[in-house]
Amino acid sequence: MCATTATRRAVLEERSTMTLNDQQEQRLAKLRSLREQGIDPYPPRCTRTHSAAEAIERFRRIEASLGDEPDPEAISVVGRVVAIRDLGRIIFSHIRDGSGAIQLYLRRDLLGDERFAWFKRFVDLNDFVEAQGNLFRTRTGEISVQVTGFRLLSKALNPPPDKWHGLSDVETRYRQRYVDLLANDETRRIFVVRANLVRALRRYLDERGFLEVETPTLQPLYGGAAARPFTTYYHALDQTFYLRISDELYLKRLLVGGYDRVYEMCKDFRNEGIDARHSPEFTMLEFYAAYCDYLDVMQMCEEMVVHAAEQSLGTLLIPWGEHTIDLTPPWRRLTLRDALIEHTGIDFLEVNDQAELYARARALGADVLPTTVWPRILDELLKTFVRPRLIQPTFVYDYPVELSPLAKRKPEDPRLVERFQLFIGGLELANAYTELNDPLDQLARFLEQARDRELGDEEAMPIDEDYVNALMYGMPPTGGFGIGIDRLAMLFTNQQNIREVILFPQLRVKPEPTGLAEDLAPYLDLAAAPDQVSGAAPSIDNDVGGS
RNA sequence: GGGCCGGUAGCUCAACUGGCAGAGCAGCGGACUUUUAAUCCGCGGGUUGUGGGUUCGAUUCCCACCCGGCCUACCA
C-alpha cells in the first residue's frame, strides 16, 4: 500500500503538466451522478427511425397535407449534441449524425418538469442522444422535432472546440484529427471528396476490364522508382526487407503472367523529406494495360480524371487558389523539349554537352552544381521553370532516357523514351510510359543505375535480376501509368498541403507523457461495473419517453 | 540541414517601452415559452511550451532545448 502510494507519487512527479480542467471535472461529476441514478451513460443500443436528413426529407414530403399541425407520427432521431439554446421553459438544440443536423425543440410542458430539468442538468455539448417526437416547422421556418422523450446514448467528457472558430491550431488538427473532424465541416468534406474520388477511379478501371490486385508491401528488393526506402527486418525469414517505394515491377510481372490489365491502389513509402507536396507514406494508383502505348494511356488518363471529377465533384471547373482549373478535354500536350524551350530557351537536344547545359542553367538562376549530371539538370529546369507555370492540365512527354530506366525508347530517337507526366495546378500528378519490355535493354539500364549508385546516387535503382528473368519470358507491349492519389485529392479539394488530405499525417511524437491516465485514475470506478452490465433493468428515468 | 515565424484558460485570440495575465466562446449559478454564434445578470477557470539567465520585477529581454508552421535544401 505504502509502496504503491510511493510509486504513484513518483509517477506523478515525473509526468508532464497536464491535469484535468474544470470542464472535464464538471462532466466527470455528471457521469458520477448518472451512475448513482442507475443510468448507463453508454448504452449498447439505440432506436432510430430516421437519419437527420431523412427526417427533414419526410417532413418536406408530407408537410402540405398537415396544415399547421405537427406530423402525427412519432419518429426517433439520434446524434451528437452540437448546440443548446436554453430559453427557460423551452430549449432549442441541434443534433448531428452522419447525414446532417436537425433541430430539437424541447418544451417543459410537453416533457414534464422532471425530464426537462434533467436535460438541462445532464446533457452537454458533444454528448450523443436519442430523441423521440413529432416533426414540425418552427415559427422561423426550421424543420424540427418536438421532443416527447429523449435518452442519453454516450456521455462526452471533453467539450468541443470554439463553436464559431472551430479548431484551427494545425498541430492539434493533425495530432487529434478526430477533434478536427468533429469541429470543422470543411475537414469532413475533404475526406468525403477523397473517398468519392477513389471510388470513381476504381469504377473507371473496373468497368474497362482491369483486374484489381495486391502485391507485396514488404519487399526483399525495392524498385520501380528512385527513392530511399524504409528498411525493416523480417525475423521469420531472417532477412532485411524494404517497405515498397513502388509496386511497378510486381504489376509488370503480372503482365508477363498473362493478365492484360491490372491495377493496384496502395500506400508507397519513401524515406525522404516531408513538405507541402510530399508525404513519406502516400497513396498511388498504378495501372498497366497490355497492347497499349503511352499515347493510349494519355487518353485513358484524361478520361479517368475527367470521370473522377464528374463523379466526385459534379463539375470540371475546379477552384485552385487564385486560379480556376478547367478539366474540359482535350488537355494541352507538349514535349519536354518544347516545354523547356518555351520556359527556359534551352533546347536540350542541341545542348547535349554537360558543361554547356550547366552554364546555361546557372545563367537562368537554376540551383545546380557543377557535378549535377545532364539529366538531373534537365529535371531541375523542369521543376523550377516549367512545373510551377503548368496550372491548366498539361501533358509533358518524351523524356531523356537517362531519367527513365523503365521506359521504352522512341524508335525514331533513342536518346528519348516514350514517357509523359501530367501537371495540373503546378502539381506533378501522374507519370506514365510505354513500358520497357526488352530484357537486355532493361538489364543495360539497371547496370547504368548500378554505376550511378556506385558514384553515390543513393536513389539509383538496384538491379532486379528476377525482374529481368520475368521479361525473358516475354512481356507484351504495354502502357503503364501511376497517379498520386493524395495530390489528386489536394487538387479536387483546393488544398495546398498534402497533410490536409491525409487523415492521420505523421508528426514527431511529443516527448513527454500526457499524464491523462494518471489524471483519470481516481475516476475508474465510474467505468461500467459488472452488475450494471449484466441484466440490470433499464432505468425508468432514462427510459424512452420517461417521466 | 539552414533561415524566418509561432507556442498565453477547454477553444479562438489580446496584453504598448519589462510593471497586478485579459476578452469572446465554452463551463458553473440565475432570468427568459420560437431560438439559429439566442439574449441579459453574476461567478469560477492560467506551470504564459520546458529549463536556465539578467532584473526589485519577465508572457515581454538573453541562452539552450522541445513541438509546430512557412521558405529553402533534399526529394523523379
Side-chain angles (χ1 to χ4, degrees), chain A residues 16-27 29-30 82-94 101 103-111 116 120-121 124-126 136-142 144 146 156-176 179-180 182-184 224-228 245-246 270-280 282 336 367 369 375-376 378-380 382-383 387 396 399-400 402-407 419 421 428 430-431 433 457-461 482 484 496-497 499 505 507-512:
Chain A
S16 78
T17 63
M18 177 163 179
T19 51
L20 296 179
N21 64 54
D22 56 339
Q23 304 200 45
Q24 291 171 320
E25 295 200 349
Q26 202 61 245
R27 285 163 182 251
K30 291 179 184 181
V82 294
I84 299 174
R85 291 179 293 280
D86 179 354
L87 276 70
R89 293 192 180 83
I90 60 172
I91 299 170
F92 292 96
S93 175
H94 274 95
Q103 183 168 258
L104 303 183
Y105 174 65
L106 299 93
R107 295 172 55 139
R108 191 169 74 174
D109 55 7
L110 263 172
L111 264 173
F116 191 78
K120 285 195 191 192
R121 180 76 193 89
D124 291 313
L125 296 179
N126 267 356
F136 78 114
R137 203 180 272 277
T138 62
R139 202 173 288 171
T140 51
E142 179 162 353
S144 307
Q146 184 169 274
L157 299 179
N158 280 325
D162 190 283
K163 71 177 171 188
W164 192 240
H165 303 96
L167 177 68
S168 61
D169 180 74
V170 174
E171 186 176 353
T172 310
R173 289 184 46 238
Y174 293 161
R175 287 191 194 278
Q176 302 180 45
V179 186
D180 185 27
L182 77 86
N184 297 322
R228 276 175 58 191
I245 59 173
S246 165
R270 298 184 184 176
N271 205 342
E272 289 167 353
I274 302 174
D275 65 29
R277 296 187 186 82
H278 295 85
S279 170
F282 64 102
L336 177 62
D367 193 5
L369 301 169
R376 296 274 174 217
L378 288 184
D379 202 39
E380 183 64 29
L382 174 63
K383 281 185 204 165
R387 187 182 68 195
V396 175
Y399 284 64
E402 292 89 341
L403 282 172
S404 318
L406 302 169
R419 171 183 177 188
Q421 290 190 303
E428 180 190 320
N431 188 23
Y433 356 102
D457 185 352
E458 274 188 69
E459 301 193 332
M461 290 182 199
Q496 311 294 318
N497 194 309
R499 276 174 286 198
L507 296 181
R508 198 184 292 272
V509 174
K510 291 254 193 182
E512 328 88 38

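Proteins get letters first, then strands, A, B, ... in listed order; numbering begins at 1 in each.
Residue contacts for A:Gln26: at a heavy-atom cut-off of 4.0 Å it reaches the sugar-phosphate backbone alone, with no base atom in range. Across all strands, A:Leu125 comes closer than 4.0 Å only to sugar-phosphate atoms, never to a base (heavy-atom distances).
Looking only at side-chain heavy atoms (C-beta outward), A:Leu406 and A:Met461 come within less than 4.5 Å of each other. By the 4.5 Å heavy-atom criterion applied to side chains, A:Ser168 and A:Asp162 are not counted as neighbours.
Remark: A:Asn158 engages A:Gln24 in a side-chain hydrogen bond (donor to acceptor under 3.5 Å, both in side chains) (not counting sequence neighbours). Partners of A:Arg277 according to the salt bridge (charged side-chain N to carboxylate O under 4.0 Å, His left out) rule, which considers only residues two or more places apart in sequence or in another chain, do not exist here. Checked against ring pair (Phe, Tyr, Trp, His ring centres under 6.0 Å), A:Phe116 has no partners two or more places apart in sequence or in another chain. Under the rule for a side-chain hydrogen bond (donor to acceptor under 3.5 Å, both in side chains), the partners of A:Glu428 that lie at least two apart in sequence or sit in another chain are A:Gln421.
Nucleotides B:G27 and B:G10 have their P atoms positioned 15 Å apart, rounded to a whole Å. Taking atom C1' in both B:A37 and B:A23, one finds a spacing of 16 Å when rounded to whole Å. Spacing of C1' atoms, B:G42 relative to B:C66, comes out at 41 Å, to the nearest Å. Rounded to the nearest Å, the gap between the C1' atom of B:U8 and that of B:A21 is 8 Å. When the P atom is used for both B:G49 and B:U60, the distance is 8 Å, rounded to whole Å. The gap from the P atom of B:C11 to that of B:U54 amounts to 34 Å, rounded to the nearest Å. On the P atoms, B:G53 is 29 Å away from B:A15, given to the nearest whole Å. Of the C1' atoms belonging to B:G30 and B:G6, the separation is 41 Å, rounded to the nearest Å.
A:Ile91 places its CD1 atom 16 Å from the C1' atom of B:U39, with the value rounded to the nearest Å. Here B:C25 presents its C1' atom at 5 Å from CG of A:Asp162, a figure rounded to the nearest Å. One atom, CD of A:Gln23, and another, C1' of B:C11, lie 9 Å apart when rounded to the nearest Å. A straight line from CD of A:Gln24 to C1' of B:G45 spans 13 Å, rounded to a whole angstrom. Taking atom CG of A:Leu20 as the reference point, atom P of B:G10 lies 11 Å away to the nearest angstrom. For the pair A:Asp22 CG and B:G46 P, the interatomic distance rounds to 8 Å; values are reported in whole Å. The interatomic distance linking A:Arg228 (CZ) with B:G1 (P) rounds to 12 Å, in whole Å. As a whole-Å value, the separation of A:Asn158 CG from B:G27 P is 14 Å.
Pairing for B:G1 is with B:U72, a Watson-Crick or G-U wobble pair whose two hydrogen-bonding atom distances lie under 3.5 Å. Remark: B:C61 base-pairs with B:G53; criterion is Watson-Crick or G-U wobble with both hydrogen-bond distances under 3.5 Å. Remark: B:G22 base-pairs with B:C13; criterion is Watson-Crick or G-U wobble with both hydrogen-bond distances under 3.5 Å.
Here CZ of A:Arg137 is found 9.5 Å from CD of A:Glu142. Values are rounded to the nearest 0.5 Å.
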Per-nucleotide protein contact string for nucleotides 31-37 of chain B (B base, S sugar-phosphate only, - none; heavy atom under 4.0 Å): -BBBBBB

Nucleic acid footprint by protein, nucleotides 68-76 of chain B - heavy-atom cut-off 4.0 Å, B for base, S for sugar-phosphate alone: SSS--SBBB

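Taking all atoms of both residues into account, the shortest heavy-atom contact from A:Val396 to A:Leu336 is CG1-CA, 3.5 Å. Summarising the geometry of A:Pro159 relative to A:Gln23, their closest heavy-atom pair is CB-OE1, 3.5 Å, with the distance given to 0.1 Å. The two residues A:Ala83 and A:Ser93 make their nearest non-hydrogen contact at O-OG, 2.8 Å. Nearest heavy atom pair, residue A:Leu167 against residue A:Arg173, reads O-CD, 3.2 Å.
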